[in-house]
There are 2 protein chains.
Amino acid sequence: MAAANHMRRAIELSLEMMRSGRGGPFGAVVVKNDQIIAEGFNQVTSSNDPTAHAEVVAVRRACQALSTFDLTGCEIYTSCEPCPMCLGAIYWARFSRIYYANDRYDAAKIGFRDDFLYQEIRMPPRQRSIPAKRLLRAEGRAAFEEWDRKSDKIPY
Amino acid sequence: MAAANHMRRAIELSLEMMRSGRGGPFGAVVVKNDQIIAEGFNQVTSSNDPTAHAEVVAVRRACQALSTFDLTGCEIYTSCEPCPMCLGAIYWARFSRIYYANDRYDAAKIGFRDDFLYQEIRMPPRQRSIPAKRLLRAEGRAAFEEWDRKSDKIPY
(Lines give C-alpha, C1' and ligand atoms only; values in the text may rest on other atoms or scores of the structure.)
Protein backbone atom coordinates (compact mmCIF):
# COMPACT_ATOMS: atom_id res chain seq x y z
CA MET A 1 0.00 0.00 0.00
CA ALA A 2 1.47 3.34 -1.08
CA ALA A 3 0.52 5.31 2.05
CA ALA A 4 2.19 2.73 4.29
CA ASN A 5 5.34 2.82 2.16
CA HIS A 6 5.54 6.60 2.34
CA MET A 7 5.21 6.46 6.12
CA ARG A 8 7.84 3.70 6.30
CA ARG A 9 10.24 6.01 4.47
CA ALA A 10 9.51 8.83 6.97
CA ILE A 11 10.15 6.43 9.86
CA GLU A 12 13.33 5.12 8.19
CA LEU A 13 14.62 8.71 7.94
CA SER A 14 13.81 9.31 11.61
CA LEU A 15 15.92 6.29 12.61
CA GLU A 16 18.83 6.75 10.21
CA MET A 17 19.36 10.45 10.83
CA MET A 18 19.02 10.12 14.60
CA ARG A 19 21.65 7.36 14.52
CA SER A 20 23.99 9.54 12.46
CA GLY A 21 23.73 12.31 15.09
CA ARG A 22 21.91 14.86 12.93
CA GLY A 23 19.17 15.60 15.47
CA GLY A 24 16.02 14.21 17.09
CA PRO A 25 14.17 11.06 15.94
CA PHE A 26 11.90 12.67 13.36
CA GLY A 27 11.50 12.18 9.60
CA ALA A 28 9.00 13.40 7.00
CA VAL A 29 8.28 13.10 3.29
CA VAL A 30 6.18 15.25 0.95
CA VAL A 31 4.10 13.31 -1.59
CA LYS A 32 2.47 14.56 -4.77
CA ASN A 33 0.56 12.26 -7.14
CA ASP A 34 1.71 9.36 -4.99
CA GLN A 35 5.43 10.14 -5.54
CA ILE A 36 7.84 11.42 -2.88
CA ILE A 37 9.05 14.83 -4.05
CA ALA A 38 11.03 15.86 -0.94
CA GLU A 39 12.37 14.38 2.28
CA GLY A 40 13.23 16.00 5.58
CA PHE A 41 14.66 14.99 8.92
CA ASN A 42 15.32 16.80 12.17
CA GLN A 43 18.60 18.70 12.09
CA VAL A 44 18.11 21.22 14.91
CA THR A 45 21.30 20.43 16.78
CA SER A 46 23.56 19.68 13.79
CA SER A 47 22.58 22.85 11.88
CA ASN A 48 22.03 25.20 14.85
CA ASP A 49 18.51 25.88 13.59
CA PRO A 50 15.64 25.41 16.04
CA THR A 51 13.19 25.58 13.10
CA ALA A 52 14.84 22.64 11.30
CA HIS A 53 12.21 20.08 12.25
CA ALA A 54 11.62 17.25 9.78
CA GLU A 55 8.38 18.74 8.42
CA VAL A 56 9.76 22.29 8.00
CA VAL A 57 12.82 20.91 6.19
CA ALA A 58 10.62 18.74 3.93
CA VAL A 59 8.26 21.67 3.17
CA ARG A 60 11.15 23.96 2.26
CA ARG A 61 12.73 21.32 0.03
CA ALA A 62 9.44 20.50 -1.69
CA CYS A 63 8.87 24.20 -2.44
CA GLN A 64 12.38 24.55 -3.84
CA ALA A 65 11.88 21.42 -5.98
CA LEU A 66 8.61 22.74 -7.42
CA SER A 67 9.59 26.45 -7.43
CA THR A 68 6.46 27.47 -5.56
CA PHE A 69 5.29 28.50 -2.10
CA ASP A 70 1.97 26.66 -2.59
CA LEU A 71 1.86 22.88 -2.08
CA THR A 72 -1.88 22.51 -2.75
CA GLY A 73 -2.58 18.88 -3.63
CA CYS A 74 0.42 17.56 -1.68
CA GLU A 75 0.34 15.30 1.36
CA ILE A 76 2.87 15.09 4.16
CA TYR A 77 3.85 11.87 5.94
CA THR A 78 5.64 12.49 9.21
CA SER A 79 6.98 10.04 11.78
CA CYS A 80 5.41 12.18 14.56
CA GLU A 81 2.35 14.41 14.75
CA PRO A 82 3.46 17.92 13.70
CA CYS A 83 4.20 20.34 16.55
CA PRO A 84 2.41 23.74 16.39
CA MET A 85 5.33 25.22 14.41
CA CYS A 86 5.23 22.45 11.83
CA LEU A 87 1.43 22.40 11.72
CA GLY A 88 1.52 26.12 10.99
CA ALA A 89 4.04 25.56 8.19
CA ILE A 90 1.77 22.86 6.74
CA TYR A 91 -1.20 25.26 6.75
CA TRP A 92 0.76 28.11 5.15
CA ALA A 93 1.93 25.70 2.43
CA ARG A 94 -1.69 24.60 1.86
CA PHE A 95 -1.22 20.85 2.16
CA SER A 96 -4.26 18.64 1.54
CA ARG A 97 -3.64 15.96 4.16
CA ILE A 98 -1.34 14.89 7.01
CA TYR A 99 -0.35 11.37 8.06
CA TYR A 100 1.58 10.75 11.28
CA ALA A 101 2.80 7.74 13.31
CA ASN A 102 3.80 8.87 16.83
CA ASP A 103 1.75 11.61 18.49
CA ARG A 104 2.38 14.58 20.82
CA TYR A 105 1.91 12.40 23.92
CA ASP A 106 4.47 9.85 22.71
CA ALA A 107 6.85 12.79 22.11
CA ALA A 108 6.28 14.08 25.66
CA LYS A 109 7.25 10.67 27.05
CA ILE A 110 10.73 10.95 25.53
CA GLY A 111 11.25 14.57 26.62
CA PHE A 112 9.89 16.73 23.78
CA ARG A 113 7.64 19.72 24.44
CA ASP A 114 5.12 19.30 21.61
CA ASP A 115 2.13 18.76 23.92
CA PHE A 116 3.23 21.63 26.16
CA LEU A 117 3.35 23.91 23.10
CA TYR A 118 -0.18 22.88 22.13
CA GLN A 119 -1.28 23.92 25.62
CA GLU A 120 0.60 27.23 25.59
CA ILE A 121 -0.67 28.29 22.17
CA ARG A 122 -4.29 28.29 23.38
CA MET A 123 -3.51 30.77 26.11
CA PRO A 124 -3.84 34.57 25.96
CA PRO A 125 -0.44 36.05 24.90
CA ARG A 126 0.18 37.76 28.26
CA GLN A 127 -0.33 34.60 30.31
CA ARG A 128 2.01 32.23 28.52
CA SER A 129 5.36 31.03 29.89
CA ILE A 130 6.97 33.24 27.23
CA PRO A 131 4.93 36.40 27.82
CA ALA A 132 4.01 38.64 24.89
CA LYS A 133 3.34 42.35 25.20
CA ARG A 134 1.84 44.77 22.71
CA LEU A 135 3.83 47.87 21.73
CA LEU A 136 3.47 50.75 19.20
CA ARG A 137 0.15 49.52 17.88
CA ALA A 138 -0.58 52.68 15.90
CA GLU A 139 2.84 52.75 14.22
CA GLY A 140 2.60 49.10 13.22
CA ARG A 141 -0.73 49.63 11.53
CA ALA A 142 0.78 51.76 8.76
CA ALA A 143 2.42 48.80 7.02
CA PHE A 144 -0.82 46.80 7.13
CA GLU A 145 -2.81 49.67 5.63
CA GLU A 146 -0.25 50.08 2.88
CA TRP A 147 -0.39 46.34 2.09
CA ASP A 148 -4.17 46.55 1.93
CA ARG A 149 -3.95 49.27 -0.71
CA LYS A 150 -0.99 47.77 -2.60
CA SER A 151 -2.05 47.02 -6.18
CA ASP A 152 0.83 44.69 -7.18
CA LYS A 153 0.92 42.46 -4.11
CA ILE A 154 1.31 38.67 -4.37
CA PRO A 155 -1.11 36.99 -1.92
CA TYR A 156 0.05 33.81 -0.18
CA MET B 1 13.32 54.09 25.07
CA ALA B 2 15.20 51.04 23.78
CA ALA B 3 12.16 48.76 23.46
CA ALA B 4 10.32 51.30 21.32
CA ASN B 5 13.36 51.72 19.09
CA HIS B 6 13.67 47.98 18.55
CA MET B 7 10.01 47.79 17.60
CA ARG B 8 10.40 50.78 15.28
CA ARG B 9 13.16 48.87 13.45
CA ALA B 10 10.87 45.83 13.09
CA ILE B 11 8.12 48.06 11.69
CA GLU B 12 10.58 49.81 9.38
CA LEU B 13 11.63 46.41 7.98
CA SER B 14 7.98 45.47 7.45
CA LEU B 15 7.42 48.59 5.37
CA GLU B 16 10.67 48.64 3.40
CA MET B 17 10.68 44.99 2.42
CA MET B 18 6.98 44.99 1.50
CA ARG B 19 7.63 48.00 -0.76
CA SER B 20 10.57 46.23 -2.40
CA GLY B 21 8.31 43.28 -3.25
CA ARG B 22 10.01 40.73 -1.01
CA GLY B 23 6.80 39.52 0.65
CA GLY B 24 4.09 40.44 3.15
CA PRO B 25 4.21 43.44 5.54
CA PHE B 26 6.07 41.79 8.41
CA GLY B 27 9.42 42.53 10.09
CA ALA B 28 11.16 41.25 13.22
CA VAL B 29 14.37 41.73 15.17
CA VAL B 30 16.10 39.57 17.79
CA VAL B 31 17.59 41.46 20.73
CA LYS B 32 20.18 40.27 23.24
CA ASN B 33 21.52 42.54 26.01
CA ASP B 34 19.57 45.38 24.42
CA GLN B 35 21.41 45.03 21.06
CA ILE B 36 19.83 43.84 17.81
CA ILE B 37 21.69 40.67 16.81
CA ALA B 38 19.54 39.62 13.83
CA GLU B 39 16.80 40.98 11.59
CA GLY B 40 14.15 39.23 9.53
CA PHE B 41 11.39 40.12 7.13
CA ASN B 42 8.75 38.16 5.29
CA GLN B 43 10.11 36.63 2.11
CA VAL B 44 7.58 33.85 1.42
CA THR B 45 6.80 34.85 -2.15
CA SER B 46 10.27 36.06 -3.19
CA SER B 47 12.08 32.96 -1.87
CA ASN B 48 9.36 30.34 -2.52
CA ASP B 49 9.45 29.40 1.13
CA PRO B 50 6.15 29.36 3.05
CA THR B 51 8.11 29.16 6.31
CA ALA B 52 10.04 32.39 5.59
CA HIS B 53 7.99 34.57 7.95
CA ALA B 54 9.82 37.50 9.54
CA GLU B 55 10.18 35.78 12.93
CA VAL B 56 11.41 32.45 11.52
CA VAL B 57 13.97 34.27 9.36
CA ALA B 58 15.14 36.35 12.35
CA VAL B 59 15.37 33.27 14.59
CA ARG B 60 17.41 31.36 12.03
CA ARG B 61 19.76 34.30 11.49
CA ALA B 62 20.22 34.90 15.23
CA CYS B 63 21.11 31.24 15.72
CA GLN B 64 23.63 31.36 12.88
CA ALA B 65 25.12 34.57 14.30
CA LEU B 66 25.56 33.03 17.76
CA SER B 67 26.28 29.44 16.58
CA THR B 68 23.60 27.96 18.81
CA PHE B 69 20.07 26.56 18.66
CA ASP B 70 19.26 28.06 22.08
CA LEU B 71 18.32 31.76 22.30
CA THR B 72 17.70 31.79 26.05
CA GLY B 73 17.91 35.38 27.28
CA CYS B 74 16.93 36.87 23.90
CA GLU B 75 13.79 38.87 23.12
CA ILE B 76 11.98 39.14 19.81
CA TYR B 77 10.29 42.30 18.53
CA THR B 78 7.88 41.62 15.69
CA SER B 79 5.64 44.00 13.77
CA CYS B 80 2.76 41.51 14.13
CA GLU B 81 1.80 38.95 16.77
CA PRO B 82 3.53 35.67 15.81
CA CYS B 83 1.35 33.14 13.97
CA PRO B 84 1.29 29.60 15.45
CA MET B 85 4.26 28.57 13.27
CA CYS B 86 6.35 31.51 14.46
CA LEU B 87 5.20 31.16 18.07
CA GLY B 88 6.30 27.53 17.94
CA ALA B 89 9.70 28.58 16.57
CA ILE B 90 10.02 31.12 19.40
CA TYR B 91 9.30 28.42 21.99
CA TRP B 92 11.74 25.92 20.48
CA ALA B 93 14.42 28.65 20.48
CA ARG B 94 13.64 29.38 24.16
CA PHE B 95 13.12 33.15 23.91
CA SER B 96 12.47 35.05 27.13
CA ARG B 97 9.92 37.56 25.87
CA ILE B 98 7.90 38.66 22.82
CA TYR B 99 6.85 42.18 21.80
CA TYR B 100 4.40 42.77 18.94
CA ALA B 101 2.59 45.72 17.34
CA ASN B 102 -0.27 44.44 15.13
CA ASP B 103 -2.20 41.37 16.26
CA ARG B 104 -3.86 38.33 14.67
CA TYR B 105 -7.15 40.21 14.21
CA ASP B 106 -5.44 43.10 12.42
CA ALA B 107 -3.78 40.48 10.18
CA ALA B 108 -7.15 38.87 9.41
CA LYS B 109 -8.52 42.24 8.27
CA ILE B 110 -5.91 42.44 5.51
CA GLY B 111 -6.37 38.86 4.37
CA PHE B 112 -3.94 36.79 6.46
CA ARG B 113 -4.98 33.53 8.10
CA ASP B 114 -3.20 33.88 11.47
CA ASP B 115 -6.39 33.91 13.53
CA PHE B 116 -7.83 31.02 11.51
CA LEU B 117 -4.68 29.00 12.28
CA TYR B 118 -5.05 29.72 16.00
CA GLN B 119 -8.58 28.31 15.77
CA GLU B 120 -7.58 25.24 13.76
CA ILE B 121 -4.68 24.31 16.02
CA ARG B 122 -7.00 23.83 19.01
CA MET B 123 -9.06 21.24 17.17
CA PRO B 124 -8.61 17.45 17.25
CA PRO B 125 -6.34 16.44 14.32
CA ARG B 126 -9.10 14.55 12.45
CA GLN B 127 -11.52 17.48 12.47
CA ARG B 128 -9.32 20.21 11.05
CA SER B 129 -9.62 21.65 7.54
CA ILE B 130 -6.36 19.83 6.78
CA PRO B 131 -7.24 16.45 8.25
CA ALA B 132 -4.57 14.35 9.95
CA LYS B 133 -4.68 10.57 10.18
CA ARG B 134 -2.60 8.21 12.25
CA LEU B 135 -0.69 5.41 10.49
CA LEU B 136 1.87 2.70 11.48
CA ARG B 137 1.89 3.68 15.13
CA ALA B 138 3.84 0.58 16.23
CA GLU B 139 6.55 1.03 13.59
CA GLY B 140 7.00 4.69 14.44
CA ARG B 141 7.55 3.93 18.09
CA ALA B 142 10.90 2.18 17.45
CA ALA B 143 12.75 5.43 16.73
CA PHE B 144 11.36 7.06 19.87
CA GLU B 145 12.40 4.12 22.04
CA GLU B 146 15.88 4.19 20.54
CA TRP B 147 16.17 7.94 21.23
CA ASP B 148 15.11 7.35 24.82
CA ARG B 149 17.94 4.85 25.27
CA LYS B 150 20.54 6.80 23.24
CA SER B 151 23.46 7.72 25.51
CA ASP B 152 25.11 10.39 23.32
CA LYS B 153 22.00 12.40 22.37
CA ILE B 154 21.97 16.21 22.37
CA PRO B 155 18.70 17.45 23.94
CA TYR B 156 17.09 20.59 22.50
Determine the option with the most heavy-atom pairs under 4.5 angstrom with chain A, choosing from [options].
options                               : result
B:Ser14, B:Ala138, B:Pro125           : B:Pro125
B:Arg137, B:Lys109, B:Glu145, B:His53 : B:His53
B:Gly88, B:Ala10, B:Pro25             : B:Pro25
B:Arg60, B:Glu120, B:Lys153           : B:Arg60
B:Cys83, B:Cys80, B:Pro50, B:Gly111   : B:Pro50
B:Leu15, B:Ile130, B:Asp148           : B:Ile130

To the nearest 0.5 Å, how far apart are [atom1] in [X] and [atom2] in [Y]?
X        : Y        : atom1 : atom2 : value
B:Asn48  : A:Thr68  : CG    : OG1   : 6.0 Å
A:Leu135 : B:Ser79  : CG    : OG    : 12.0 Å
B:Met85  : A:Met85  : CE    : CE    : 9.0 Å
A:Met7   : B:Lys133 : CE    : NZ    : 10.0 Å
B:Arg8   : A:Glu139 : CZ    : CD    : 4.0 Å

Choice from [options] maximising heavy atom contacts with chain B below 4.5 Å:
options                              : answer
A:Arg122, A:Arg113, A:Arg141         : A:Arg113
A:Ser46, A:Ser129, A:Pro131, A:Ser67 : A:Pro131
A:Gly21, A:Gly24, A:Ala62, A:Gly23   : A:Gly24
A:Phe112, A:Tyr118, A:Tyr77          : A:Phe112

Give, as side chain, backbone, both or neither, the part of [X] having an atom under 4.5 angstrom from any heavy atom of chain B.
X        : result
A:Glu75  : neither
A:Val44  : both
A:Leu87  : side chain
A:Asp114 : both
A:Leu117 : side chain
A:Pro82  : neither

When clusters are formed by joining ILVMFWY residues with side-chain heavy atoms under 4.5 Å apart, either directly or through shared neighbours, do [X] and [Y] land in the same one?
X        : Y       : result
A:Ile37  : A:Leu13 : no
B:Tyr156 : B:Leu71 : no
B:Val57  : B:Val30 : no
A:Ile76  : A:Leu66 : yes
A:Val56  : A:Met18 : no

>> As a quick check of understanding, evaluate side chain to side chain contact (heavy atoms under 4.5 Å, CB included) for B:Asp49 and A:Phe69, giving each step before the final call.
In response: CA-CA 5 Å; B:Asp49 181 358; A:Phe69 52 83; over 6 Å; no
> Listed by residue number, which members of residues 89-107 of chain A have a heavy atom under 4.5 Å from any heavy atom of chain B?
Replying inline: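 Contacts with chain B: A:Ala89, A:Ile90, A:Tyr91, A:Trp92, A:Ala93, A:Arg94, A:Phe95, A:Ser96, A:Arg97, A:Ile98, A:Tyr99, A:Tyr100, A:Ala101, A:Asn102, A:Asp103, A:Arg104, A:Asp106, A:Ala107.
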> Thinking salt bridges, do A:Glu146 and B:Arg19 make one under a 4.0 Å N-O criterion?
Replying inline: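 Looking at B:Arg19 together with A:Glu146, the answer is yes, because their closest N to O distance falls below 4.0 Å.
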> Using 30° and 60° as the class limits, which term best fits the ring planes of B:Phe26 and A:Phe144: parallel, tilted or perpendicular?
Replying inline: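 Judged by the thresholds at 30° and 60°, the geometry between B:Phe26 and A:Phe144 is perpendicular.
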>> Tell me whether A:Gln64 contacts the main-chain N or O of B:Ser47 through its side chain, where contact means a donor paired with an acceptor under 3.5 Å.
In response: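 The answer is yes, because a donor-acceptor pair under 3.5 Å joins these two groups.
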> Between A:Leu136 and B:Ile11, does a side chain to side chain contact (heavy atoms under 4.5 Å, CB included) hold up when you go through it step by step?
Replying inline: CA-CA 9 Å; A:Leu136 303 192; B:Ile11 293 170; 4.2 Å; yes
